[in-house]
Amino acid sequence: MSQRKTRILIVEDEPAHAQVLQRNLLASDTVTVELVISIAQYVEAISVLSPDIVLLDLNLPDGSAIELLNNVEIEWPVLIMTAQGNEELAVAALKAGALDYIVKSPESFAAIPRIVERSLREWNILQERQQAEEQAEGARREWETTFNAMSDVVTIHDRQMRIVRANKAAYQLTCALPGTLIGERCCEALWTESAVCVECSRAKAIRNGTPYSETVTHRRSGKVFEITTTPFPADSEEDYYIQIAKDVTTRIEYEKQLQHQATHDHLTGLANRMMLEDRLGQAIKQAQRSNRLVAILLLDLDRFKNVNDGYGHATGDELLCLVAARLKLAVRQTDTVARLGGDEFVVMLTNVADLETVQTITAAILKSLAKPYQIRGRNFNLTASVGGSIYPHDGSEGPNLIRNADIAMYQSKKQGNHFSYYSEAMNRHVVASLEMENDLHQALAFDELCLHYQPKVDLTTGRIAGCEALLRWNHPRQGMVSPGMFIPLAEQTGLIVPIGAWVLKEACRQSVAWQAQGLPPIPMAVNLSARQFRQGDLAATVRTELQRHRLDPGMLELELTESMIMEHADRASSILHELKHLGVSLSLDDFGTGYSSLNYLRRFPVDCLKIDQSFICDVTTDPSGASVVTSIIDIAHNLQLTAIAEGVETRDQLDFLVANQCDAMQGYLFSKPLPAAQFSQLLREGVCLNDLLYVT
Ligand code: C2E
Ligand code: MG
Ligand code: MG
């Protein structure tokens, strides 16, 4: 490949000079030479020639080289050729952009190829340098733009931590005029009043050899910045530091919000269980040091479900918020009020001196909760059951204390107190019922359940007119367990549903078996639990059993309590009608102990009221007890229902009932509940009340 020739343009009006130059240059075959003799010709030729170098005579017939250089963009090296004595003008030409000048002489003409060659080299070096400078300038501008465009506050500091550069955001933050931050000390200029100590950050950055970050609030703007100080540039000999302050206000806010959500109850804004446990842990540690007590009061609102069911969840929620607010007001700022969920709250009292203090605060809480609540013009009354556990008496760890307060709360509920303390005895009771729950699961499978039957006696004939099936559990270790011990547990755990189904089936089977033995047919009464009544399709279950055993529906009686049917009166009414439709009879058990509305009673298709034994027990001793009994008998008769007295134990009680036209009785006076064989014996013998009384 042939090398590209160097294109040389000579601008010379003196033919002799031009000739010598041409000749000398063309001695080398690596060049081409063009000649023009005036500025006009130069201007015309230059666009097509594009030379590598121009040899330009200083004075041309149509003007001077200086004028030309001043007016035209020079993209190639220009060597000015001048006569002896014109050096000053030549210098002016250099200023106008010429690369160099040569004084015309035979020697310089002879050396012209070398001069051209050297000039070209020099030009190249100049070009490269210029390019590098341009690139550096571009990079600097780009850096400057980025620096200023950054939303973070960025400052560069010298060793004394004086600001040498500050970006736009720094000026915006401080409201300083452009340029005025330079030379200022960073702490004072930027972070005055804030707890940032840039000196310290710098020291730490130097010590660690890594960037150092800290967070902190800029008081005037209220923003939170995360400031990182880094030696800059990393390998610089000089001590410069770049400090980048990132606005993390939103992130911090968000973190706070998340933290709050994770530790608070969303409805009431109270602490949640997680936060309670955390604070309780701290309180216990503190109490260990100070020899003080920590009290956990677990509150459960009584019958709160009725509010939700009756007035809707929105009202329920509002009520919970009002309760939360009252609880907060009732305790000190240092105490914690938490909501565990539903209608369950916990108050944690810290740094408590003695149990009296706990009692006083509890009383104040209960009093404040008992005041009426107003929601949209409607008044609500609430009570709460509270269980208390005390550190260190009732546990040394938070979760234990909460659990024990829960146990105590259940005790309160059960006993109808408002407040109970946890105690070991209570705990033993809970453990025992847990064991019983386990055993109860097996009772059905291992055939440990059986029914006893108690006669119901017609008070006009004195004869057995029916019987009530009462459940017994033949516990492998504890012997015969009465239903009062396990029915509530079965109810709580849901086991009552299969157990109840078994009772119904067994009672039907027994009734049919007695009839098959030729015994006089009498109605068999079966107790139903609230859960059986609520859950599943009761009428269908009853129908199935009647059909399975071919039992006359008139021979089956179901005993329900007032509270069971009053709780959801409308639904209850339709279930009762369905049952009634099957042909079975219905009695209201323990009548008088619950809340009855005569209006509902009228609408429910019941046949019989069973006067609770607590009234019968007092009937001869307490006139008000007696009047309750006579009233119930009257109500029953007015509604065309029969009245039966439960738990009749004495002759006096019986006489009272007979005198007041009570229809039937049930009680130890006649017979205790008996196993099937003994009961059938009684039935077979046709034992009559008068015979028994006569014998006694
Ligand atoms: P209840 O239905 O009111 O049954 C009457 C309770 O009074 C029975 O107690 C009976 O033994 C007792 N009793 C009868 N006569 C007298 C008396 O003259 N004096 C005294 N002091 N008590 C008398 P029991 O068998 O312990 O049953 C207690 C409760 O357990 C029953 O009260 C009933 O509510 C429930 N229960 C019994 N069996 C079942 C069942 O199969 N299913 C359901 N859901 N509950 C049952
Ligand atoms: Mg009963
Ligand atoms: Mg009863």
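Read the numbers this way: they start at 1 and go in the same order the structure lists the ligands and their atoms. Note: hydrogens, waters and symmetry copies are ignored here, and every other heavy atom, side chains too, is used.
Interface atoms of ligand 1 facing Arg472, defined by a heavy-atom separation under 4.0 Å, are 11 (O), 25 (O). The Ser529 neighbourhood of ligand 1 comprises atoms 44 (N), with distances under 4.0 Å to a heavy atom of that residue. Interface of Gly667 with ligand 1, defined as ligand atoms under 4.0 Å from a residue heavy atom, comprises 15 (N), 18 (O). Within ligand 1, the atoms closer than 4.0 Å to a non-hydrogen atom of Gln454 are 14 (C), 15 (N), numbered from 1 in the order shown. The ligand atoms of ligand 1 that sit less than 4.0 angstrom from a heavy atom of Glu649 are 17 (C), 18 (O), 19 (N), 20 (C), 21 (N). Atoms of ligand 1 lying under 4.0 Å from at least one heavy atom of Gly647, given by number and element, are 15 (N), 16 (C), 17 (C), 18 (O).
At a cut-off of 2.8 Å, Asn527 coordinates the Mg ion (ligand 2) through an N, O or S atom. Residue Asp590 does not count as close to the Mg ion (ligand 2), with no N, O or S atom under 2.8 Å. Between the Mg ion (ligand 2) and Glu646 there is no N/O/S contact shorter than 2.8 Å.
Of all N, O or S atoms in Asp589, the one lying closest to the Mg ion (ligand 2) is OD2. For Glu559, the N, O or S atom with the smallest separation from the Mg ion (ligand 2) is OE1. Nearest to the Mg ion (ligand 2), among the N, O or S atoms that Glu468 has, is OE2.
Contacts with ligand 1 closer than 4.0 Å are made by backbone heavy atoms (N, CA, C, O) of Leu528 only, the side chain lying farther away. By the criterion of a heavy-atom distance under 4.0 Å, both the backbone and the side chain of Leu471 are placed next to ligand 1. When heavy-atom distances to ligand 1 are checked against a 4.0 Å cut-off, Pro673 comes that close only through its side chain, counted from C-beta outward.
Distance CE/Met348 to CG/Leu297: 11.0 Å, rounded to 0.5 Å. Between the CD atom of Gln678 and the NZ atom of Lys672 there is a distance of 11.5 Å, given to the nearest 0.5 Å. Atom-to-atom distance recorded for Gln510:CD and Ser680:OG is 7.5 Å, nearest 0.5 angstrom. Between the CD atom of Gln411 and the OG atom of Ser385 there is a distance of 11.5 Å, given to the nearest 0.5 Å.
Judged purely by atom type and a 3.5 angstrom limit, Arg273 has no side-chain atom pairing as donor or acceptor with the backbone of Leu340. The backbone N or O of Val687 lies less than 3.5 Å from no partner atom in the side chain of Asp691, so there is not a single donor-acceptor pair.
Cation-pi contact between Arg376 and Tyr311: absent, since separation from the ring centre below 6.0 Å together with deviation from the ring axis within 45° is not met.
An N or O contact shorter than 3.5 Å is missing between Gln532 and ligand 1 by distance. Of the N or O atoms in Gln666, none lie within a sub-3.5 Å distance of an N or O in ligand 1.
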| task | Begin from the C-alpha positions of Asp394 and Arg403 and carry the test salt bridge (Lys or Arg N to Asp or Glu O under 4.0 Å) through to its verdict. | result | CA-CA 10 Å; Asp394 301 325; Arg403 203 198 60 215; over 6 Å; no
| Do Glu557 and Lys456 pass the salt bridge (Lys or Arg N to Asp or Glu O under 4.0 Å) test, and can you show the C-alpha distance, the side-chain angles, and the key distance before you say yes or no? | CA-CA 12 Å; Glu557 185 179 328; Lys456 294 181 177 180; 3.0 Å; yes
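Salt-bridge annotation for Lys580 and Asp607: present, with a side-chain N of the basic residue lying under 4.0 Å from a carboxylate O of the acidic one.
Looking only at atom types and distance, the side chain of Asn272 has no donor-acceptor partner in the side chain of His266 under 3.5 Å away.
Taking the six-membered ring where the residue is Trp, Tyr453 and Phe679 present tilted rings, their angle falling between 30° and 60°.
When the heavy atoms of His452, Arg531, Lys610, Gln613 are ranked by distance to atom 6 (C) of ligand 1, first place goes to Gln613. Distances from atom 33 (C) of ligand 1 to the heavy atoms of Asn527, Val481, Ile496, Ile487 put Asn527 nearest.
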